[in-house]
Amino acid sequence: MSPKPEPVQVIKKRRDEALASLVASVPYIQFMGVHFDRRGDELTAVMPFQEMMIGNPALPALHGGATAAFLEIAAIIELSWAAVWQDIETAPDRDAANVETAAITLPKTIDFSVDYLRSGLPRDAYARARVNRSGRRYASVFVEAWQDNRSRIFAQATGHFLMPDSPLQDPSGAPK
Amino acid sequence: MNKMAQAQRFMEAIPHAKALGIRFESIGEGEAEMHMDYDENFIGDPQTRVIHGGAVFALLDSCCGAAVLSHPDQRGLTATIDLRVDYMRPAMPHQTIRAIATCYNVTRSVAFVRAVALDENAEKPVAMASGAFVNGA
């Protein structure tokens, strides 16, 4: 007889804790005040508006750098989350495997290209990333961000990332 | 008021640049240099303590924008259309990052810019950027 399935609260708690510890480990994500909503393995990055994100006080509009940082954070967490998910869902002893994500090695950005489609309003922003290619050496990730209307994307980006265990990456973190 | 003081004052009015501690170093005709000190709040990789690409991106975007505004053919304000950043190596922790941007062509509607980000090792850039900005936003 197969073992009884785990209660849903236990599963949710494990997943939420893994995500929280991944996000909490990066000071810059805290600085920008970005957090993540989770539905199953699907993540939505949320950047609540703060005055310090303004780049054009006359309009006012979000700084292009704040928007880019938000998109890059969403891309990196999406990519790392895929690895964390794999770990916590497939570990034979889930309690022991637990949520040691503080020790996770993050992917390194190779390049990041941002399209500014319309000006960012002084409001909360949301983003979702999609891993379009996930190879042994590098990954290609697409991200889009919106504010009040899901269909009105205000910025989108494509980035390439060096995978943590890539043969191209040495332990110092410098690409070879 | 001279151009440098004017630029510095403009910079201080931008909340995000202020939050990142970005400051003007020099401004010319279609050229700008800006510095950003290392700050533990900007760490993107807790293992190596290297700052997040997003902070470098914000510095480069600010510097490119300033280079556009300082170009003699630029009218009024500007906004980023697109910007691509290549991260060539991690910035050394605890070192100030310097961004130098050049606005090398301005048409009636678009300004083209490239920029480089350096730490104390000026031989090997940390990152390079290239992008297009609106002429007269």
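Within every chain, numbering begins at 1; the chains are lettered A, B, ... in the order of the sequence lines, protein sequences first and strands thereafter.
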For the candidates B/Leu20, B/Leu59, B/Thr80, B/Leu77, which exhibits the highest count of non-hydrogen atom pairs separated by less than 4.5 Å from chain A? B/Thr80
I'd like to know whether CZ of A/Arg133 has more than 12 heavy-atom contacts from other residues, nucleotides or ligands below 6.0 angstrom. yes
How long is the span from the OH atom in A/Tyr28 to the CD1 atom in B/Ile43, to the nearest 0.5 Å? 13.0 Å
When the 4.5 angstrom heavy-atom criterion is applied to A/Ile76 and chain B, the contacting part is side chain
With the 4.5 Å side-chain cut-off for hydrophobic clustering, are A/Met52 and A/Ile29 part of the same group? yes
Find the one option among A/Pro60, A/Gly159, A/Ser113 whose heavy-atom pairs under 4.5 Å with chain B are most numerous. A/Ser113
Under a 4.5 Å heavy-atom cutoff, which of B/Gly65, B/Gly44, B/Ala17, B/Ala132 has the most pairs with chain A? B/Gly44
Is it true that, when you exclude A/Arg152 itself, more than 12 heavy atoms of the residues, nucleotides or ligands shown sit nearer than 6.0 Å to its CZ? no
A quick test of your reading: do over 12 heavy atoms of other residues, nucleotides or ligands sit less than 6.0 Å from CZ of B/Arg114? no
With hydrophobic residues grouped by side-chain heavy-atom distances under 4.5 Å, do A/Leu43 and A/Val131 end up in a single group? yes
Treat each ILVMFWY residue as a node, draw an edge where side-chain heavy atoms are under 4.5 Å apart, and state whether A/Phe142 and A/Phe161 are in one component. no
Can you name the closest pair of heavy atoms from A/Leu106 and B/Pro46 and give their distance? CD1-CD, 4.0 Å
Nearest non-hydrogen partners of B/Ala19 and A/Phe31, listed with the distance: O-CZ, 3.7 Å
If one checks every heavy atom of B/Ala127 against chain A at 4.5 Å, the contacting part turns out to be neither
Does a side-chain heavy-atom distance below 4.5 Å link A/Gln50 with B/Pro15? no
Would you kindly confirm whether A/Leu59 and B/Ile81 end up in one hydrophobic cluster when ILVMFWY residues are joined by side chain heavy atoms under 4.5 Å apart? no
Once rounded to the nearest 0.5 Å, what's the spacing between atom CZ of B/Arg84 and atom OG1 of A/Thr158? 10.0 Å
Under 4.5 Å between any side-chain heavy atoms of A/Leu162 and B/Tyr87, yes or no? no
CD-NZ distance between A/Glu51 and B/Lys18, expressed to the nearest 0.5 angstrom: 11.0 Å
Top residue by heavy-atom pair count (under 4.5 Å) with chain B, among A/Val26, A/Val114, A/Asn56? A/Val114
Under a 4.5 Å side-chain heavy-atom rule over Ile, Leu, Val, Met, Phe, Trp and Tyr, are A/Phe36 and A/Leu79 clustered together? yes
Value for OH (A/Tyr116) from CG (B/Asp82), rounded to nearest 0.5 Å, stands at 9.0 Å
So how far is it from A/Thr67 OG1 to B/Asp61 CG, rounded to the nearest 0.5 Å? 8.5 Å
Please verify the inter-ring angle class for A/His63 with B/His16; under 30° counts as parallel, over 60° as perpendicular, anything in between as tilted. tilted
Contact class of A/Ile110 relative to chain B, heavy atoms under 4.5 angstrom: backbone
